[in-house]
Structures are given as structure tokens and as C-alpha cells.
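Nothing here was measured: the structure is a model prediction, and the numbers come from that model.
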Amino acid sequence: INVSGTDVSLKVSKGDPTPYVRVEAGESGNPAQLVIAGQTLETVFVFEQAQSLSGTKVIRLSLSETSLFLGNNKDTINDKTDDIGINLSNGSGAIILTAQGVSGTFDMDAAFVGVTGVTFSSKVSLEINTTGVSVNETIDGKLLSLKAGPYIRATALGTEIGIGGVTLLGNLAFEKGQISGVDVLSMAATGISIAGDSSDANDEKSGIKNGSGAIIFKSDGVAGTLLGKAALQVTGISLGADIGFSVNTTNGDINTVLAVGDDEVTINVQKYTTTSKVRFELRNVDVNFGNLIEVYGDFSVGGGAFSATNLDVFVGNGKYKLESGEINDNAIGVVLSNGKIDYLKASSANGYALRGTGGLELVGLEGLSVSGTTTLLINTSKQKLDVGGVEVEAGTFSFKATNASFNIANRFIISGTFNILRKANGDLDVIINGGEVAINDADGESIFNIKGKASFLISKKTGFQMPVSYTHLRAHETSLHLV
């Protein structure tokens with residue numbers, strides 16, 4: 001067809017490698033425009049059907065300078081200043097269609113325009129590969145590089161959402177594919193942060209930052225984790241923690257890695273045996289009450305259960321830990337270190353079970369030291385309960401301090417293992433094993449030493465009783481054994 005009124009010379013390439021059909025719409029700087037029901041699509045479109053050396057037909061499609069508006073344009077197509085809706089712009093992509101399936105990518109910027117009180121912007125990408133092989137081709141100058149399928153993945157990088165003065169930032173990814181041969185739908189996120197807009201200077205140090213998480217949907221349930229670094233500062237109190245939750249309603253443990261752009265997110269969630277399949281978690285907790293009481297550790301709550309691990313509780317004059325995580329040499333006080341607490345509510349009766357362990361020590365006072373390992377077991381129910389991997393009998397109340405030591409400049413030392421057992425009627429049995437009281441001279445030589453074991457009964461009815469004790473007394477060169 002020639003309606004120009006002049007001769008036109010056309011040069012058409014021979015095709016690489018074989019004959020082809022090529023259709024183009026629009027050109028660089030002047031994309032084609034399509035308006036349907038007030039929605040506008042602009043793009044430079046290239047369609048090509050070719051035939052490979054083996055005779056297989058291949059369809060290639062490329063898009064560039066693509067934009068799409070969805071919303072109300074006030075019937076002014078070429079005036080974008082009064083638009084209200086979502087605008088997709090700077091789009092480009094490439095697609096290959098073969099007998100084996102479809103593979104392709106598409107990138108586009110997305111943003112709200114003209115929407116009062118809400119802001120949204122993001123770099124949206126779509127990847128699809130329904131074939132079982134990887135793809136590495138160049139289409140109309142665009143590189144198409146995809147891992148073997150089948151999968152469909154959408155990412156929203158650099159997403160920013162603002163509502164009512166609160167801003168959420170992050171990278172999002174959605175994928176439909178396979179894990180270990182099983183079809184799954186997954187969502188993942190990295191770089192998530194939530195911050196307020198206030199004139200309060202502390203707001204710069206408050207909010208949630210560096211959040212990441214992922215969730216997968218399988219035929220037998222859902223599993224996932226979400227964790228972000230939370231910060232709060234008010235007068236006299238500071239709090240920092242990784243806060244989030246984990247869920248697993250599937251029939252097994254889940255351990256997999258999902259991609260979000262150049263980042264990766266790991267889902268590692270064990271199968272939950274409790275009725276509730278959700279756990280709310282606080283990790284790397286750092287709470288400071290005016291440098292008097294400080295709490296560090298990881299916490300998990302859900303399903304009538306509570307646990308705390310890596311627990312350090314400091315009472316004294318701090319700060320106990322520096323920003324680097326090292327112990328402050330100037331801190332003075334008592335600390336429960338490397339503690340662990342597990343709590344479980346009884347399911348079929350009133351009551352609960354609790355198990356706590358940790359080291360006890362005194363820090364910051366030269367010449368005075370307190371150390372030992374403590375274990376607390378409680379079960380107020382009428383049934384045996386498994387808490388923290390330990391079965392606790394009904395009615396148990398037990399406190400044990402192992403290798404406990406109170407040392408003053410190596411001159412006066414009290415040590416031993418102490419057990420306190422509470423009976424059903426409230427009486428307390430106190431048992432001391434490996435007990436020792438020692439007094440040394442300035443050179444550390446023993447002046448007085450008493451070793452032994454004993455048991456006490458503390459009763460509301462009978463008061464204090466010592467049924468039996470075994471003692472070995474030594475003073476200088478004299479020894480005495482007492483029963």
C-alpha cells in the first residue's frame with residue numbers, strides 16, 4: 001500500500017535465521033495509543049513470528065515506552081494533571097511463545113496520582129516461564145534471562161505506601177511455582193520499614209525497620225515468618241527488638257529460600273503440635289528502664305505457650321551492654337545470664353507448667369563474685385505436662401541452684417548445690433549437697449573449712465527442722481567429722 005504520492009524504497013532484512021512475519025505499532029518517542037472506556041494504554045509494540053531451523057514456530061513479542069492509566073481522567077486524555085487513579089509508566093518487556101510454553105518479563109513503574117491522603121509508588125516486575133528449561137535470548141535488543149520453570153513471579157521493588165502520615169517502605173515478591181515437586185504459592189518481603197511523620201525528635205529512632213518475611217501456601221496448609229526491627233524511645237525507657245510472627249498449619253517442617261530481587265528470604269518453621277499454629281515472636285529484645293533494669297533475649301508467644309531464650313536480665317547501675325553488644329566494664333549489679341523460660345497452659349485442667357534455667361552472677365564489684373546455675377520447675381495442674389522438652393509431674397515446685405558460689409576476695413567462700421522442693425501442703429524441703437564454707441588468709445591458704453550436706457524442713461505447723469546433716473570440719477591441722 002502506498003498513499004504518499006511518491007516512490008518509496010523499502011529494505012527488509014532476510015530474516016534470521018529463516019523467514020518471518022513482523023508487525024510494529026508506534027515508534028520510539030511516539031508510542032501508539034489505545035483508549036478503552038476512558039482507560040489509556042500507550043506502547044511501542046513489536047510482534048514477530050519466525051521459524052527455527054528445526055521447523056518450530058516461535059512468536060516473539062516486545063514492548064517499550066509502555067504506560068497504562070487506570071482511573072478517572074476527567075475526559076481529558078492528553079491532560080494528566082487532573083487524573084485520579086493509578087498510573088503505570090516506563091514499561092518494557094519481552095515474551096517468547098513456543099509449543100513448550102510461554103516465557104517472558106515485564107517491568108513498569110506504578111504510582112497513585114490525584115489520590116488525597118494516600119501515596120503509592122513502586123517498581124513492578126513480572127516474570128513467567130511455563131517451560132521446563134531456562135531461557136537466555138535477546139528480543140528487539142532486550143535481554144530475556146529466566147530460570148527453568150514452571151513459575152510465575154511478580155515483584156514490587158522500592159515500594160512506598162503512605163497513609164495518614166505513616167509510611168511503609170519495602171520490596172515485595174509473589175510467586176507461583178514448585179518446591180520439592182509440590183505446587184505452592186509464595187509471598188516474600190525484604191527491606192520493610194514503617195515510620196511515623198512527627199515533629200518529635202524521638203520518632204527518628206522509633207518505628208519498624210529492616211523487616212523481612214515470607215509465606216507459602218500449600219495444599220495441606222500455610223507456613224511463613226515475618227520479622228522486623230522495632231524501636232521505641234520515650235523519656236527514661238528505650239526498647240529495641242526484632243518483632244514478628246511465625247505460622248505453620250502444614251503437616252511438616254518447612255525450610256526453604258525465596259528470592260526478592262537480589263535478596264533472599266528463608267522460611268524455617270517447625271511443625272507446631274499445639275492447637276494454635278501461630279507464634280508471635282520478639283527476638284534480640286533490648287529493653288532499658290533508665291539503666292536500672294535491662295532485659296535482653298528472644299520471646300515467643302502462642303497456643304497457650306510462652307518461651308524466652310537467650311535471656312539476660314540485669315538489675316543494677318548500667319548500662320549493662322554497649323552498642324557493640326559487649327559487656328560494659330563499668331556496670332554494677334546482678335544478672336541472670338543465658339536464661340531460658342518455657343510456659344505452657346494446661347489443656348484439660350486449670351493450671352500451668354513453667355520451666356526456667358539460667359546462670360546467676362554478680363558483675364562490676366571487684367573482689368566480690370556470685371555465680372551458679374539455676375533451674376526452676378513448676379506445675380500447678382493435675383496432669384503431667386511437657387514444657388520446654390522436659391516432663392514436669394503434677395504439683396511440682398522445685399528450685400535448684402547448681403555449683404552456687406559466694407566469694408569475697410577469695411577470703412570467705414560459700415558454695416554448694418541447693419535444692420528447694422515444695423510439697424502439696426506447702427511445706428518446703430531444702431537439700432544441700434556438696435556444701436562448703438571456707439575462710440582463707442591473704443595468701444589464699446585455708447584457715448577454716450567446713451564441708452558437708454544437709455536437709456531442712458520448713459513447715460508452717462512445725463517450723464524449722466533439720467532431720468539429718470553430715471559435716472566435715474577442718475581448722476588448721478585439726479579435722480572433725482560430725483553426724
Return the minimal non-hydrogen interatomic distance between [X] and [Y], and the atom names on each side.
X: L144; Y: S103; value: CD2-O, 4.1 Å
X: G221; Y: T250; value: C-CG2, 3.6 Å
X: V44; Y: E27; value: CG2-O, 3.4 Å
X: G104; Y: L146; value: N-CD1, 3.4 Å
X: G29; Y: P31; value: C-CD, 3.7 Å
X: T380; Y: G351; value: OG1-CA, 3.2 Å

Please list, one pair per line, the donor and acceptor atoms closer than 3.5 Å that link side chains of residues 88-96 to other protein atoms, with sequence neighbours excluded.
from : atom 1 : to   : atom 2 : distance (Å)
N90  : ND2    : D109 : OD2    : 2.8

Report yes or no: does [X] contribute a side-chain atom to a donor-acceptor pair with the main-chain N or O of [Y] at less than 3.5 Å?
X: N379; Y: G395; answer: no
X: N87; Y: A111; answer: no
X: N129; Y: K147; answer: yes

* Trace of the side chain to side chain contact (heavy atoms under 4.5 Å, CB included) decision for F47 with V21 -> CA-CA 8 Å; F47 171 90; V21 176; 5.5 Å; no
* State which residues pass side chain to side chain contact (heavy atoms under 4.5 Å, CB included) with T66; sequence neighbours excluded, sorted by chain then number. => L41, T43, L63, F106, M108
* Residues in side chain to side chain contact (heavy atoms under 4.5 Å, CB included) contact with D386, at least two apart in sequence or another chain -> E391
Mind checking the [atom1]-[atom2] spacing from [X] to [Y]? Nearest 0.5 Å is all I need.
X: I216; Y: T225; atom1: CD1; atom2: OG1; answer: 10.0 Å
X: K340; Y: N310; atom1: NZ; atom2: CG; answer: 10.0 Å
X: L360; Y: S337; atom1: CG; atom2: OG; answer: 8.0 Å
X: Y352; Y: L385; atom1: OH; atom2: CG; answer: 12.0 Å
X: T155; Y: K123; atom1: OG1; atom2: NZ; answer: 9.5 Å
X: I267; Y: L258; atom1: CD1; atom2: CG; answer: 5.0 Å

* **From CA spacing to verdict: side chain to side chain contact (heavy atoms under 4.5 Å, CB included), R355, I341** => CA-CA 6 Å; R355 177 177 181 264; I341 296 176; over 6 Å; no
* Asked: Would you call T402 and T375 a side-chain contact if the rule is heavy atoms closer than 4.5 Å?
  -> no
* Check: T374 and L376 side chains under 4.5 Å, non-hydrogen atoms -> no
* Side-chain donor-acceptor pair under 3.5 Å between T98 and Q100, yes or no? -> yes
* **Distance-only polar pair, side chains of S145 and N136, donor-acceptor under 3.5 Å** => yes
Hey, is [atom1] on [X] packed in by over 12 heavy atoms from elsewhere, all under 6.0 Å?
X: K400; atom1: NZ; result: no
X: N403; atom1: CG; result: no
X: D220; atom1: CG; result: yes

* Structure fact -> Those residues at least two apart in sequence (or on a different chain) that pass ring pair (Phe, Tyr, Trp, His ring centres under 6.0 Å) with F112 are F120
* Please walk me through it: do I86 and L68 pass side chain to side chain contact (heavy atoms under 4.5 Å, CB included)? -> CA-CA 8 Å; I86 184 170; L68 174 64; over 6 Å; no
* To do: Can you label the angle between the Y320 ring and the Y296 ring as parallel, tilted or perpendicular, going by 30° and 60°?
  => tilted
* To do: State which residues pass side chain to side chain donor-acceptor pair (under 3.5 Å) with N338; sequence neighbours excluded, sorted by chain then number.
  => none
* Asked: Taking only residues two or more places apart in sequence or in another chain, which ones pass salt bridge (charged side-chain N to carboxylate O under 4.0 Å, His left out) with E65?
  -> none
